[in-house]
Every structure is written in structure tokens, then in C-alpha cells.
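What follows is a single structure, written as C-alpha cells, with notes after it.
Here is the naming used below: chain letters follow the sequence lines, and residue numbers restart at 1 for every chain.
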Protein chains: 2
Amino acid sequence: MADINVSAVSLRPSEPSNERQAGGPAYDLIELLFFAYRDFIGDADERLAGLGFGRAHHRVLHFVNRHPGMRVADLLDILKITKQSLGRVLRDLVEQGYVVQKAGQADRRQRLLHLTAKGETLARDLALVQTRRFARALHEYGPGAREAARKFLTAMIDPAAREEVERLIARAERADPKR
Amino acid sequence: MADINVSAVSLRPSEPSNERQAGGPAYDLIELLFFAYRDFIGDADERLAGLGFGRAHHRVLHFVNRHPGMRVADLLDILKITKQSLGRVLRDLVEQGYVVQKAGQADRRQRLLHLTAKGETLARDLALVQTRRFARALHEYGPGAREAARKFLTAMIDPAAREEVERLIARAERADPKR
DNA sequence: TAGATATGTCAATATGGCTGACATAAACGT
DNA sequence: ACGTTTATGTCAGCCATATTGACATATCTA
């Protein structure tokens with residue numbers, strides 16, 4: 001592999017040569033993100049497994065909690081899965097009393113999604129263990145750490161999707177400005 | 001949900017009240033990490049799909065590339081999957097000439113894993129698109145960004161697993177100090 | 001030589017994705 | 001008012017990737 005660094009991208013162009021080499025794949029970061037996400041997800045996985053739920057259920061709980069009254073189509077857009085895949089987990093969640101669907105008042109074709117009290121409790125529990133992980137990771141950095149993390153994670157998202165995600169978050173925060 | 005913030009964790013204890021409320025779930029960060037990881041993984045997914053490979057193949061390629069000569073048992077430990085699950089993807093990769101297995105010289109029961117030139121090329125290609133994403137996300141921060149990201153991601157990993165991951169990365173970097 | 005270890009493989013099962021086809025109800029446009 | 005589009009649901013079947021338990025083989029180790 002003589003050309004190992006040919007198409008390399010400089011990670012820190014402003015840094016000359018002191019620490020580590022700037023070119024070449026950032027294997028360490030790739031690996032760390034892999035493990036970080038594995039454990040981040042693992043927090044919730046344990047709790048969910050006890051209820052017979054999987055990650056698909058978690059994602060639905062999360063987004064419905066965060067955007068109460070969202071349409072099924074919105075959820076499909078966000079999760080980028082098919083109606084059929086969503087249908088299965090949504091049915092589980094409705095049958096077991098975590099989610100309710102209410103017909104839209106303006107457009108009665110819509111089945112607007114809401115969590116029940118039971119669903120909200122679970123969603124919050126799941127979010128809190130994950131929040132605790134973020135809190136621990138950001139603890140030692142200064143006051144700007146949270147904003148920095150937010151900016152960094154945003155920059156990791158596809159430019160095409162970024163705006164949409166930012167709008168999504170802004171909307172949720174407007175709806176619930178307390179947190 | 002009267003007790004909504006009871007078990008909340010402060011994200012920025014040093015920050016009084018200026019920006020956002022410190023208590024309560026960090027829904028924004030949770031969501032951003034979800035999308036960031038989705039897109040991060042998506043970079044490689046596209047490339048892999050063209051070859052008929054999935055994420056399982058990618059993980060094997062990555063870790064074998066990073067730790068040449070690793071044992072099957074080591075890989076099972078890292079990936080936390082079963083022998084049977086690994087077996088399938090490993091067979092694919094061997095049959096299609098991305099991975100070779102060499103009997104250990106000390107212990108001939110071992111089937112030490114190596115990438116072929118073809119495998120190395122693919123592994124590097126995959127790593128480079130992901131590196132580019134990191135580079136873009138860290139670009140605007142200063143020279144310390146890479147180390148900060150590394151520290152942050154490390155802190156996101158389970159304390160129990162952290163040491164092992166750090167050892168893993170350190171070992172790989174010792175073996176390939178150039179990058 | 002008797003275990004223990006490293007690996008491989010078989011059969012069966014579960015989850016969570018997918019596609020394509022089709023159904024229903026409601027809204028919308030002309 | 002009728003036809004089309006939209007929002008949703010559902011059926012049947014397929015695929016990838018994970019699981020467990022059992023068992024086989026080769027090799028090392030005491």
C-alpha cells in the first residue's frame with residue numbers, strides 16, 4: 001500500500017507536526033465513535049429488553065415524546081424506514097398503552113401520535129440515562145462544552161439533512177422552552 | 001408528569017441560568033448523536049452496499065485492518081457478537097479475497113486474521129470517507145479540537161470498557177506510529 | 001493421555017429492515 | 001359532484017444480522 005496517504009485529508013491543517021500525524025484515516029476517532037455509540041445505545045437497550053422492546057420502539061418513543069402530535073408520515077421521514085416497518089412497532093406500542101393515536105381535527109385522515117403517561121415516563125427514563133452519559137462526558141469541560149458538543153455533532157450530520165434536523169430541534173425546544 | 005425533573009442531572013453545573021436550562025433530559029444532544037451516527041455510518045453503507053456487504057462486514061474489515069493478526073476470539077470480544085454471527089461475514093470476506101487467515105506460529109489452533117491488499121484498500125477507502133466527515137466537523141475548531149473530540153468520545157464510553165478501548169487504540173497506534 | 005482451548009459449523013429462531021400490492025377514508029381540485 | 005391525491009393501514013414474502021445450543025476438529029498443556 002504505497003499510496004496509503006494519497007487521498008488523505010488533513011484533520012488539523014493548522015497544526016504542523018507536533019502531536020500526531022495529521023494525514024491518514026482518523027482510525028482512533030472512528031473507533032471511539034463506534035464504542036461511544038454502542039454504549040450510548042446500550043444504556044437504553046437494557047431497559048427496553050426488559051419490556052420486550054427493541055431500538056425501533058425506542059426511536060418511536062423518543063420522537064413522539066419530543067414532537068407530540070406528529071403525523072405518521074413525519075415519523076417515517078425522520079426515521080427513514082418504511083410504513084410497514086414502523087407499523088409493527090407502532091402496533092406494539094399502541095397495544096401496550098405507550099402510544100395513542102388521535103385523528104387530526106383539521107385533517108381527519110391524520111392519526112396524530114401522542115404518548116400516554118406511561119409512554120412519557122418510559123421515554124423520560126430512557127432519555128435520562130443517556131443524558132447522564134452526556135453529562136459525565138461533558139462535565140470536565142467548561143461552560144461552553146454543551147454548545148461545543150452540539151455544534152460538533154451538528155457538523156457531523158450530512159449538510160443536506162442538517163437544516164432539517166436543526167429545524168426539528170428548534171421546533172421541539174420552542175414547544176417546550178423550559179428545558 | 002409532575003416529577004419530570006426529579007432525577008435530572010445537571011449538564012453544566014458551573015453555568016447558572018443564562019443559556020438553556022441545565023436540568024432535564026438533553027434531548028437535543030441525544031437527537032444530534034442519533035443523526036450524526038446515522039450519517040457517519042451512512043458514508044460507508046453506500047460503498048458497502050455496492051459490494052453486497054453490510055455493516056457487519058465493515059466492522060470486521062475495520063478491526064482486522066487496525067489490528068492485523070488478531071485472533072478470531074479477540075474480534076468476538078470487541079464486536080460482542082457470537083461466533084456464529086461472525087462466521088458468516090468472515091466467510092464472505094475470505095471467499096471474496098478481502099481477508100486471509102493464517103495459522104499462528106506459536107499456537108497453530110489460532111487463525112490469525114489479516115487483510116489482503118484488496119481488503120486494505122477497501123478498509124482505507126471506508127475509513128477515509130468517515131475521516132473526511134470528522135475533519136469537516138472539527139475544521140473550524142482550533143488545533144485542540146481533535147484531542148478534545150477524542151477525550152469527549154472516550155468519556156462517552158462505559159467506564160468499564162474504556163480502559164480496554166484505550167489499550168486497543170494505543171496498541172494499534174504503537175503498531176503504526178506513522179499515523 | 002486427559003482435559004482445556006481456538007475455531008468452525010449445524011439447526012432453529014427473532015428482530016427489524018425491505019418491496020410490492022392493495023384497501024379505506026378523507027381532502028382537494030375542477 | 002366526481003375523480004384524484006393524500007394519509008394511513010395491512011397482507012405476504014424476502015433479506016440481513018443477530019441469537020442459543022449442540023457438536024466437531026485440531027491443537028496445546030498439564
Side-chain angles (χ1 to χ4, degrees), chain A residues 34 38 41-42 44-46 48-64 67 69-96 99-114, chain B residues 34 37-38 41-42 44-64 67 69-96 99-114:
Chain A
F34 169 75
R38 183 192 68 180
I41 272 300
D45 279 350
E46 289 177 41
L48 291 160
L51 299 167
F53 290 151
R55 288 183 190 178
H57 299 87
H58 185 190
R59 290 195 282 269
V60 171
L61 277 171
H62 170 89
F63 285 105
V64 175
H67 310 279
M70 75 189 311
R71 297 176 312 150
V72 170
D74 295 334
L75 195 47
L76 291 174
D77 261 10
I78 290 174
L79 299 179
K80 304 237 186 288
I81 58 173
T82 58
K83 214 175 6 169
Q84 296 73 9
S85 298
L86 177 60
R88 267 180 315 207
V89 300
L90 204 47
R91 183 169 5 95
D92 293 345
L93 291 169
V94 169
E95 279 175 1
Q96 295 181 46
V99 171
V100 286
Q101 294 176 284
K102 303 177 187 172
Q105 76 290 47
D107 184 337
R108 295 206 334 267
R109 290 172 305 179
Q110 297 173 347
R111 298 278 174 277
L112 305 182
L113 302 169
H114 298 266
Chain B
F34 169 75
Y37 194 74
R38 183 193 67 181
I41 273 299
D45 279 350
E46 288 176 41
R47 182 91 170 71
L48 290 160
L51 299 166
F53 290 151
R55 290 184 189 178
H57 300 88
H58 184 192
R59 290 194 283 268
V60 171
L61 277 171
H62 171 88
F63 284 106
V64 174
H67 310 279
M70 76 189 311
R71 298 177 312 152
V72 171
D74 295 334
L75 194 47
L76 290 174
D77 262 12
I78 290 174
L79 299 179
K80 303 240 187 289
I81 58 173
T82 58
K83 214 177 0 170
Q84 295 73 8
S85 298
L86 177 59
R88 265 171 306 134
V89 299
L90 204 47
R91 185 174 356 99
D92 293 344
L93 291 169
V94 169
E95 279 175 0
Q96 296 181 48
V99 171
V100 286
Q101 294 176 284
K102 302 178 186 170
Q105 76 288 52
D107 184 338
R108 296 205 335 263
R109 290 173 303 180
Q110 297 173 346
R111 300 280 176 276
L112 305 182
L113 301 169
H114 298 265

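Taking 4.5 Å as the limit, every side-chain heavy atom of B:F63 sits out of range of all side-chain heavy atoms of B:L113. Side-chain contact between B:L51 and B:R47: present, with at least one pair of heavy atoms (C-beta onward) separated by less than 4.5 Å.
Mapping A:H57 and A:A106 onto DNA chain C via the closest heavy atom, the residue that lands nearer the 5' end is A:H57. Nearest-nucleotide mapping onto DNA chain D: of B:R111 and A:Q101, the residue sitting toward the 5' end is A:Q101.
Using a 4.0 Å heavy-atom criterion, one finds that B:R88 contacts the bases of the nucleic acid, with or without backbone contacts as well. Residue B:G54 is classed as a sugar-phosphate contact, given heavy-atom separations below 4.0 Å to backbone atoms only.
Listed nucleotides C:dA11, D:dT17, C:dC18 differ in distance to A:I81; the shortest reach to its side chain belongs to C:dC18. Taking every side-chain heavy atom of A:K83 into account, D:dT8 is the closest of C:dA6, D:dT8, C:dT19. Minimum atom distance to the side chain of A:R108 is reached by C:dA26, of the listed C:dA26, D:dT8, D:dT17. The A:R71 side chain lies nearest to D:dA7 when the options are D:dT27, D:dA7, C:dT7. Closest to the A:D107 side chain, of the nucleotides D:dT20, D:dA18, C:dA26, is C:dA26. Listed nucleotides: C:dA6, D:dG9, C:dT19. Nearest to the side chain of A:Q84: C:dT19.
We find that CE of A:M70 is positioned 14 Å from C1' of D:dA7, with the value rounded to whole Å. In this structure, CG of B:L76 is placed 16 Å from P of C:dT5, rounded to the nearest angstrom. Between B:L86 atom CG and D:dA16 atom P the separation is 17 Å, expressed in whole Å. Regarding B:L113, its CG atom lies at a distance of 11 Å from the C1' atom of C:dT7, rounded to whole Å. Straight-line distance from the CD atom of A:Q105 to the P atom of C:dA26: 15 Å, rounded to whole Å. Computed from coordinates, the B:D74 CG to C:dT5 C1' distance equals 14 Å when rounded to whole Å. One can place CG of B:L79 at 10 Å from P of D:dT19, the figure rounded to the nearest angstrom. Residue A:F53 contributes atom CZ, which lies 16 Å from atom C1' of C:dA14 at whole-angstrom precision.
Below the 3.5 angstrom threshold, one finds a donor paired with an acceptor across the side chain of B:R109 and the base of C:dT5. With hydrogens and angles left out, the side chain of B:Q110 and the base of C:dT7 share no donor-acceptor pair within 3.5 Å.
Under the 30°/60° scheme for interplanar angles, the aromatic rings of B:H57 and B:F53 are found to lie parallel.
Contact check, A:T82 against C:dC18: a side-chain N or O comes under 4.0 Å of OP1 or OP2. Contact check, A:S85 against C:dG16: no side-chain N or O comes under 4.0 Å of OP1 or OP2.
Here the CZ-CZ distance, from A:R71 to A:R109, works out to 9.0 Å after rounding to the nearest 0.5 Å. Atom CG of B:D45 sits about 6.0 Å away from atom CD1 of B:I41, to the nearest 0.5 Å. The structure places CG of B:L90 at 11.5 Å from CZ of B:R88, a figure rounded to the nearest 0.5 Å.
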